[in-house]
Amino acid sequence: MAEAAPLYDTYSRAPLRFERGEGVWLITETGERYLDFGAGVAVTSVGHGHPHVVGALKEQAEKVWHLSNIYEIAGQERFAKRLTDATFADKVFFTNSGAEALECAIKTARRYQYSKGHPERFHIITFEGAFHGRTLATIAAGGQEKYLEGFGPKTPGFDQVPFGDIEAVRAAITDATAGILIEPVQGEGGIRPATTEFMKALRQLCDEKGLLLILDEVQTGVGRTGKLFAHEWSGVTPDLMAVAKGIGGGFPLGACLATAEAASGMKAGTHGSTYGGNPLAMAVGNAVLDVVLEEGFLQHVNDVALVFRQGLASLKDRFPDVIEDIRGEGLMLGVKAAVPSAELLQAIRASNLLAIPAGDNVIRLLPPLVVTADEAREGLARLERAAESVRAKAKKTA
């Protein structure tokens with residue numbers, strides 16, 4: 001009898017073991033090369049082993065790893081200043097993950113209303129199809145039954161409405177509402193962008209009702225959609241924003257960004273983190289920003305995204321029996337399958353291409369933002385081979 005694995009059985013893992021990465025490539029222990037269009041679920045924003053980022057981590061690792069926020073931490077103020085200079089925000093709280101950044105945003109919104117004399121305002125309006133993390137609060141915010149099941153009563157204070165339905169949002173606002181939380185593009189939900197009109201209507205509603213607009217840009221941020229943050233496409237600015245994934249380029253790092261007004265209730269002792277903003281994370285985060293804020297970087301993302309969109313549109317036209325639709329912004333792309341998405345994903349992996357499943361029968365393509373046009377074309381060629389394989393298999397079983 002085989003010995004039981006010592007790990008929790010919470011993951012259904014692909015039988016692949018990667019030993020190292022180079023740019024947009026991952027190499028297995030046996031030397032097989034895979035084109036990585038998953039980027040660790042939109043995390044390795046500047047690719048694997050980026051020399052500037054690796055150098056920053058090595059340099060800091062030889063100085064000090066951990067201090068805790070009892071002390072001032074080198075790199076925190078510089079990183080926060082660069083983030084506030086580049087965004088709507090005045091204040092930053094550093095975390096280790098996207099879920100923690102969302103928890104901070106939720107607590108900040110509730111505390112804001114409390115500090116203004118409205119302790120009854122603690123509800124947050126969220127949207128069907130959303131994914132905000134795996135903590136008890138963030139699974140309640142996401143509202144998906146598959147993540148809530150078996151964990152006891154749903155954490156109160158989250159009211160879900162259909163994505164994109166402004167009248168449903170308006171109807172859901174009560175005297176207990178503190179804010180509205182939305183992903184500008186739903187990632188896990190199937191690469192579903194909110195329209196500019198909807199984003200503007202949410203901003204207007206928040207202004208009218210004294211609510212805070214909270215954006216989850218954990219997956220969409222740091223250049224993923226071709227702007228530094230996805231909300232910039234709509235011209236709408238939030239009061240609070242959760243960021244993670246690409247901001248650390250693979251190192252665990254998140255941040256909650258806020259206007260001075262939104263953060264005004266967060267006084268000394270109201271929130272904290274042992275590891276958040278540690279020296280290693282700050283060194284890496286600053287190095288990632290060096291790359292992403294470099295002149296021409298975001299233009300490169302948009303240029304390569306155009307290559308992807310044209311190639312994917314061609315594949316959709318030629319394989320309508322396999323690919324139903326193409327979605328997304330920048331290098332946050334979704335292929336809605338006309339067959340079970342798991343079947344197409346298996347064929348993609350067999351072509352030594354890595355992609356990420358999502359809801360609504362969608363497969364996400366989330367390559368590192370440093371991907372070249374030639375690498376994009378190589379990925380499209382592998383996707384074409386996968387589509388041909390799925391088609392051939394369907395003909396055999398027909």
Side-chain angles (χ1 to χ4, degrees), residues 41-42 95 97-110 122-149 151 154-173 177-199 201-203 205-206 211-221 224-225 229-231 233-234 236 238-246 254 256-257 327-329 332 334 336 356-362 364 366:
V41 195
T95 69
S97 68
E100 288 174 82
L102 262 301
E103 288 270 349
C104 179
I106 291 162
K107 287 178 72 175
T108 302
R110 290 181 172 187
F122 68 93
H123 280 244
I124 308 288
I125 294 172
T126 62
F127 296 90
E128 292 171 5
F131 181 85
H132 297 298
R134 299 279 195 158
T135 65
L136 289 173
T138 54
I139 60 173
Q144 296 190 45
E145 189 56 42
K146 63 182 177 180
Y147 299 129
L148 289 162
E149 183 184 1
F151 295 113
K154 178 182 172 184
T155 301
F158 299 96
D159 305 313
Q160 279 215 315
V161 298
F163 187 67
D165 187 339
I166 195 63
E167 292 310 316
V169 177
R170 196 183 302 275
I173 295 172
T177 306
I180 299 170
L181 168 60
I182 188 170
E183 300 158 276
V185 183
Q186 287 191 341
E188 301 279 341
I191 310 294
R192 299 199 300 166
T195 65
T196 293
E197 293 73 24
F198 186 61
M199 293 292 287
L202 291 179
R203 177 70 272 175
L205 257 183
C206 286
L211 311 179
L212 298 184
L213 180 60
I214 312 163
L215 297 189
D216 177 346
E217 290 239 27
V218 168
Q219 192 168 148
T220 56
R224 176 57 54 185
T225 67
F229 291 100
H231 68 267
W233 289 109
S234 68
V236 166
D239 301 292
L240 291 158
M241 179 170 71
V243 185
K245 290 187 181 287
C256 177
L257 278 63
R327 303 172 173 178
E329 298 281 351
M332 186 177 182
K336 182 171 170 63
I356 305 292
D360 201 25
N361 208 44
V362 166
R364 283 173 283 178
L366 306 164

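Everything numeric here is computed off the predicted structure, so don't read it as measured data.
- Looking at every heavy atom in both residues, Arg134 comes nearest to Ala99 through N-CB, 4.3 Å.
- If you take CG on Leu257 and CG on Asp239, they are separated by 12.5 Å, rounding to the nearest 0.5 Å.
- Between the NE2 atom of His123 and the CD1 atom of Ile180 there is a distance of 14.0 Å, given to the nearest 0.5 Å.
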**Request:** Check the pair Gln219 / Arg224 against side-chain contact (heavy atoms from CB on, under 4.5 Å), numbers first and verdict last.
**Result:** CA-CA 8 Å; Gln219 192 168 148; Arg224 176 57 54 185; 5.6 Å; no
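- Side-chain contact between Arg203 and His231: absent, with no pair of heavy atoms (C-beta onward) separated by less than 4.5 Å.
- Using a cutoff of 4.0 Å between basic side-chain nitrogens and carboxylate oxygens, Arg192 and Glu183 are not scored as salt-bridged.
- The shortest side-chain heavy-atom distance between Thr196 and Trp233 does not fall under the 4.5 Å cut-off.
- The backbone N or O of Val362 sits nowhere less than 3.5 Å from a side-chain atom of Asp360 that would complete a donor-acceptor pair.
- Counting heavy atoms from C-beta outward, Phe127 and Gln186 have side chains that approach closer than 4.5 Å.
- Minimum interatomic distance between Cys256 and Leu240 (heavy atoms only, all atoms of both residues): SG-CD2, 4.3 Å.
- Summarising the geometry, atom CZ belonging to Phe151 is positioned 11.5 Å from atom OG1 belonging to Thr135; distances are rounded to the nearest 0.5 Å.
- Between Ala178 and Ile124, the shortest heavy-atom contact is CB-CD1, 4.2 Å.
- Minimum heavy-atom separation, Gly157 to Arg110: CA-NH2, 3.8 Å.
- Side-chain contact between Arg364 and Val41: present, with at least one pair of heavy atoms (C-beta onward) separated by less than 4.5 Å.
- Proximity of Leu211 to Ile173: side-chain heavy atoms (C-beta onward) are separated by under 4.5 Å at one or more points.
- For the atom pair OG1 of Thr108 and CD1 of Ile214, the computed distance is 8.5 Å after rounding to the nearest 0.5 Å.
- Distance CD/Gln144 to CD/Glu188: 8.0 Å, rounded to 0.5 Å.
- At least one donor-acceptor pair under 3.5 Å links the side chain of Thr155 to the backbone N or O of Leu136.
- Within the 4.5 Å cutoff, no side-chain heavy atoms of Phe163 are placed close to those of Gln160.
- If you take CG on Leu215 and CD on Glu217, they are separated by 5.5 Å, rounding to the nearest 0.5 Å.
- Considering only heavy atoms from C-beta on, Leu366 comes within 4.5 Å of Met332 through its side chain.
- Remark: the backbone N or O of Gly190 is paired with a side-chain donor or acceptor of Arg327 at under 3.5 angstrom.
- Between Asp165 and Arg170 there is no salt bridge, since no side-chain N of the basic residue sits under 4.0 Å from a carboxylate O of the acidic one.
- Across all their heavy atoms, Thr220 and Ala230 have their closest contact at CB-CB, 3.7 Å.
- In terms of heavy atoms, Gly334 sits closest to Ile191 at CA-CG1, 3.7 Å.
- Contact annotation: the side chain of Thr138 never approaches that of Tyr147 to less than 4.5 Å [non-hydrogen atoms, C-beta and beyond].
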